[in-house]
Amino acid sequence: MAYMYGAAMLLAGLILIFSLSKENKIFYVAGGYFLLLGGWWIADALLPDLDLFAGGWGIAFKVLTAAVLVLLAVVFVKEFRKKGRDAAPKDP
């Protein structure tokens, strides 16, 4: 089952990079993260002795995940506000 999760994450990353990156360049970051996540899942399934989601590796992965989440949230909020200003009616 872990292989399926990994494959799904890899597929999601490829879709973000190749399909959605035309809309906004931040999708390169999001897609890259999903590629890393898919590789992490598959590596964890192939190397069960390492337990990549626990210990030092797990902490590093969680810190990276938090950093990517904060970056994506900041970009989302900026885009949301920009689109809100652009859509607001102008006073005559």
CE-CE distance between Met4 and Met9, expressed to the nearest 0.5 angstrom: 10.0 Å
With sequence neighbours excluded, residues passing ring-ring contact (aromatic ring centres under 6.0 Å, His included) with Phe27: none
Hydrophobic cluster identity match, Leu64 and Tyr5, side-chain contacts under 4.5 Å: yes
Hphob cluster co-occupancy, Leu16 + Val74, side-chain heavy atoms under 4.5 angstrom: no
Path from Leu71 to Leu36 over hydrophobic side-chain contacts below 4.5 Å: yes
Closest non-hydrogen atom pair, Phe34 against Ala12: CD2-CB, 4.1 Å
Hydrophobic cluster identity match, Trp40 and Leu50, side-chain contacts under 4.5 Å: yes
Geometric class of the Phe53/Trp41 ring pair [parallel <30°, tilted 30-60°, perpendicular >60°]: tilted
Ile42 vs Leu10 side-chain heavy atoms within contact, under 4.5 Å: yes
Side chains of Leu35 and Leu14 in contact at under 4.5 Å (non-hydrogen atoms): yes
Heavy-atom side-chain contact between Leu52 and Phe61 under 4.5 Å: no
Of all pairs that satisfy side-chain hydrogen bond (donor to acceptor under 3.5 Å, both in side chains), the ones with a partner from residues 22-34, not counting sequence neighbours: Tyr33-Thr65
